[in-house]
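For reference, the structure discussed in these notes is given below.
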Amino acid sequence: MGLRAMTLSDGPAGVRGPRWDEREPSLNLPSGSALAASWDDALAYRYGAAAASEARRKDVDVVLGPTINLHRSPLGGRHFECFSEDPELTSGLAAAYVRGLQDNGVAACPKHYVANDSETDRFTVDVQLDDRPLRELYLAPFERAVADAGAWTIMSAYNSVRGVTMTENDLLETPLNSEWGFDGVVISDWTAVRSLDAVAASQDLAMPGPAPAWAGLVDAVREGRVSESDLDRKVLRLLLLAERVGALGSDAAVTPAPVDARAFAREAAVEGTVLLANDGVLPLSPALSRIAVIGHNALEARTQGGGSATVLPEQIVTPLEGIRTAFANAEVAYEIGAVVQEGVAEIPLSQITNPATGLPGVRVSFFDADGAELFAEDRRSTALVWFGGDAPIAASRRVVLEADYVAAETGEIELGFAGGNPGLLQVDGETVLDEAPVVEGTDLGAAFLNPPSLTATVAVQAGVARRIRLELRVNESESPLSGALSATLGIAPERTDPDELIARAVASAADAEVAVVVVGTNSKVESEGYDRTDLALPGRQDDLVRAVAATGTPTVVVVNAGSPVELPWAHDVAAIVQGYFGGQEFGTAVADVLTGTAEPGGRLPTTWPAALADVPVAEVTPTDGALAYTEGIHIGYRAWLKDAVAPAFPFGHGLGYTTWSWGAAQRDGDALEVTLANTGDRPGKHVVQVYAERADSSIERPVRWLVGYGVVRAAAGQTVTARIPLPDRRFAHWADAWEVEPGAFTLRIGASAVDAPLEFGWDVAAG
């Protein structure tokens with residue numbers, strides 16, 4: 001019948017393809033929270049189109065994204081991968097992303113349906129919430145992705161909702177199929193199908209297959225315990241998906257329009273960069289002659305969060321590289337300042353040689369229990385994951401990595417490895433480590449992708465090669481991850497006294513015209529598999545920023561974090577730039593913003609607290625297996641307004657390099673038209689945000705809630721108009737059905753949830 005295999009691939013911020021392999025690099029786009037910070041549906045559409053182009057380049061039919069769970073709490077470990085705390089902003093971006101993918105012939109898979117908003121006990125947690133928040137908040141983005149954008153697949157979550165695991169939950173039928181008209185494939189999160197009860201619950205595809213939970217499916221059909229018609233429905237949906245992606249019959253897959261991947265990654269990073277504060281120091285003068293760049297994340301930038309969405313880009317531009325390129329005629333000095341990275345990082349390709357080929361890289365060999373070599377390959381990285389591909393991991397008992405390492409400087413390095421397997425590390429034939437890392441926690445996925453490290457101090461001499469050999473013992477016990485392996489042969493940060501590192505940074509800053517301090521998180525703070533315990537920057541970064549600012553040198557802080565962090569020194573520095581996980585062109589985008597080559601285009605998609613104690617919704621840890629959403633419809637800025645607590649930076653906040661004046665608002669049918677003018681001396685971008693209020697409402701409502709938004713761009717002195725659709729549904733509430741309370745709503749129009757200077761009356765008829 002002309003049916004070929006279909007390939008499904010992570011991730012939402014890039015497309016990995018069938019293998020994790022640096023020899024098959026992927027485009028590393030900015031994280032979900034960075035995309036959301038653009039507040040730009042058109043950019044989200046292009047983001048989806050870029051993902052489709054990558055998918056087809058890698059022969060991928062289904063991209064497992066976007067991730068559209070909400071930022072219910074800033075402690076959520078996968079916060080960086082999701083869009084926003086607001087359902088309206090998330091919905092608009094999600095629908096645009098889905099269209100961008102599917103208009104180019106690649107299926108989108110919005111995830112994780114539903115209420116998978118934290119990571120603690122994610123496989124078993126039972127989320128307890130009422131119908132109204134379920135419908136108005138957590139289901140809303142999925143509804144728009146299906147009903148408006150026509151998503152071809154949906155991913156069901158691990159968690160339970162109201163006592164029933166999601167792969168067996170009635171929510172897969174109602175509202176998904178019966179109300180929204182979904183005719184696609186429900187794909188399970190990996191291993192989320194637990195029993196044959198999923199068959200009758202509109203769960204279509206169990207991943208990864210063959211799924212043990214469905215091993216008895218044929219017998220169950222024959223014995224009448226499972227309806228054959230349920231299977232027919234699933235098969236027809238899978239065939240429809242195949243037809244849509246060009247995997248059935250003679251019709252070929254759609255060929256997406258070509259995308260300048262690096263240029264788009266750079267543009268998207270700029271559009272998602274938020275200027276949180278600026279005393280006028282930015283943009284920096286091109287005449288600067290000495291700049292101090294400080295911070296571990298300036299050198300080892302995080303361009304993406306940890307977990308299954310990780311991709312391997314061909315190259316990464318760090319903030320240090322971006323600034324040095326932008327200020328080619330200036331002296332740009334660098335100091336680490338404070339150690340952020342935990343454990344080993346891969347060894348730069350320029351410093352390792354494959355002993356078998358003489359080329360940059362490492363030789364990897366696989367041996368069976370008798371010591372016979374099964375397979376060997378030449379890799380171009382020392383950070384390796386085998387999850388698919390040709391390597392016979394399941395049959396191997398030892399895996400050996402060998403390379404010749406040449407240090408750039410004479411001294412000592414912390415050489416070691418990260419992984420979940422016992423390892424023997426030798427340098428020039430001498431054993432320096434023979435230990436087994438201790439894996440913490442029970443989340444196998446987190447342990448696989450963010451394993452612990454072991455290191456030893458090794459003396460090195462500049463320009464002198466040393467042979468490194470790492471031998472890993474594998475498959476010594478039964479594990480659900482048998483046949484997969486992750487390992488990094490690498491170097492950990494120097495063990496210099498922390499006070500000395502700060503003192504060196506202070507001296508560098510005192511001798512500079514401006515200091516750029518890049519702070520951020522690490523993979524132990526933000527990753528799939530676990531939630532955060534606090535909002536503090538790891539290590540001594542807060543002490544570092546305070547010390548640099550105290551020199552009197554104008555200090556610009558760039559935040560390299562995918563979700564909110566505490567900034568206790570915010571009033572002590574000249575400017576703060578939130579860059580999120582900005583993708584592979586992160587450093588170039590940072591330089592564009594610092595120099596004013598580009599406008600910082602972002603606005604916060606999430607409220608930033610001054611301290612964790614102020615956060616209204618902070619509970620992400622289940623009690624007796626259940627996590628109650630007791631806050632109801634009040635999450636994010638809604639909860640902040642309800643509690644009348646001022647955050648550090650409100651939802652929607654973001655500055656630019658020009659000034660604006662608000663004109664008038666008027667109604668045009670079901671749309672609001674807002675006029676504003678660029679009163680500055682350079683072109684700029686503004687995000688028009690429209691919030692609704694109903695002080696005399698007969699039902700409980702938020703103090704204020706987002707009902708629409710739009711991006712405008714204007715040249716200096718230009719007046720522009722934003723046209724923002726406001727259908728009645730934006731004013732509806734759930735009461736066993738969607739209802740609209742007739743009467744007058746007050747619209748607040750402005751630049752954030754608390755800065756909304758325009759007021760406009762909006763009448764809604766009964767419906």
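The first residue of the sequence shown is numbered 1, and numbering continues consecutively from there.
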Would the distance check show the side chain of [X] and the main-chain N or O of [Y] forming a donor-acceptor pair, the cut-off being under 3.5 Å?
X: Asp117; Y: Arg72; value: no
X: Gln102; Y: Gly150; value: yes
X: Lys58; Y: Glu24; value: yes
X: Asp148; Y: Ala95; value: no
X: Glu228; Y: Asp230; value: no
X: Glu346; Y: Ser381; value: no

Separation of [Y] [atom2] from [X] [atom1] (nearest 0.5 Å):
X: Thr90; Y: Ile68; atom1: OG1; atom2: CD1; answer: 8.0 Å
X: Thr606; Y: His71; atom1: OG1; atom2: NE2; answer: 4.5 Å
X: Asn169; Y: Asp197; atom1: CG; atom2: CG; answer: 12.0 Å
X: Leu535; Y: Ser563; atom1: CG; atom2: OG; answer: 8.0 Å
X: Glu619; Y: Leu627; atom1: CD; atom2: CG; answer: 6.5 Å
X: Ser396; Y: Leu472; atom1: OG; atom2: CG; answer: 11.0 Å

Does [X] have any salt bridge (Lys or Arg N to Asp or Glu O under 4.0 Å) partners at least two apart in sequence or in another chain, and if so, which?
X: Arg16; answer: Asp10
X: Glu566; answer: none
X: Glu22; answer: Arg379

Student check: side-chain heavy atoms of [X] and [Y] closer than 4.5 Å:
X: Val164; Y: Ser160; answer: no
X: Gln304; Y: Thr310; answer: yes
X: Ile635; Y: Tyr138; answer: yes
X: Arg233; Y: Val235; answer: no
X: Leu176; Y: Leu171; answer: no
X: Asn297; Y: Arg302; answer: yes

Of all the heavy-atom pairs spanning [X] and [Y], show the shortest one and how long it is.
X: Gly343; Y: Ser453; value: CA-OG, 3.3 Å
X: Asn28; Y: Pro313; value: CB-CB, 3.7 Å
X: Gly77; Y: Asp531; value: N-OD1, 2.8 Å
X: Ser486; Y: Pro451; value: OG-CG, 4.3 Å
X: Met166; Y: Leu172; value: O-CD1, 3.3 Å
X: Pro66; Y: Phe83; value: CB-CZ, 3.8 Å

Please determine, by modelled atom types, if [X] and [Y] share a side-chain donor-acceptor pair under 3.5 angstrom.
X: Gln584; Y: Thr303; result: no
X: Thr120; Y: Ser118; result: no
X: Asn560; Y: Tyr580; result: no
X: Glu85; Y: Thr607; result: yes
X: Ser91; Y: Glu143; result: no
X: Ser156; Y: Gln203; result: yes
X: Arg194; Y: Thr165; result: yes
X: Thr174; Y: Ser178; result: yes

| field | Within residues 141-170 or reaching into it, pairs that qualify as ring-ring contact (aromatic ring centres under 6.0 Å, His included) - sequence neighbours excluded | value |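 Sorted result for residues 141-170: Tyr113-Phe142, Phe123-Tyr158.
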Applying side-chain hydrogen bond (donor to acceptor under 3.5 Å, both in side chains), can you list everything that pairs with [X], at least two apart in sequence or on another chain?
X: Glu168; value: Ser195
X: Asp59; value: none
X: Asp86; value: Tyr637
X: Thr382; value: none

Residues two or more places apart in sequence or in another chain: which of them pass ring pair (Phe, Tyr, Trp, His ring centres under 6.0 Å) with [X]?
X: Trp180; answer: none
X: Phe182; answer: none
X: Trp386; answer: Phe366

Using a strict threshold of under 4.0 Å (side-chain N to carboxylate O), is an ion pair present between [Y] and [X]?
X: Asp131; Y: Arg162; result: yes
X: Lys642; Y: Glu631; result: no
X: Arg244; Y: Asp183; result: yes
X: Glu179; Y: Arg135; result: yes
X: Arg78; Y: Glu528; result: yes

| By side chain to side chain contact (heavy atoms under 4.5 Å, CB included) - contacts of Thr533 (at least two apart) |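 Partners of Thr533 by the side chain to side chain contact (heavy atoms under 4.5 Å, CB included) criterion come out as none, since no residue qualifies.
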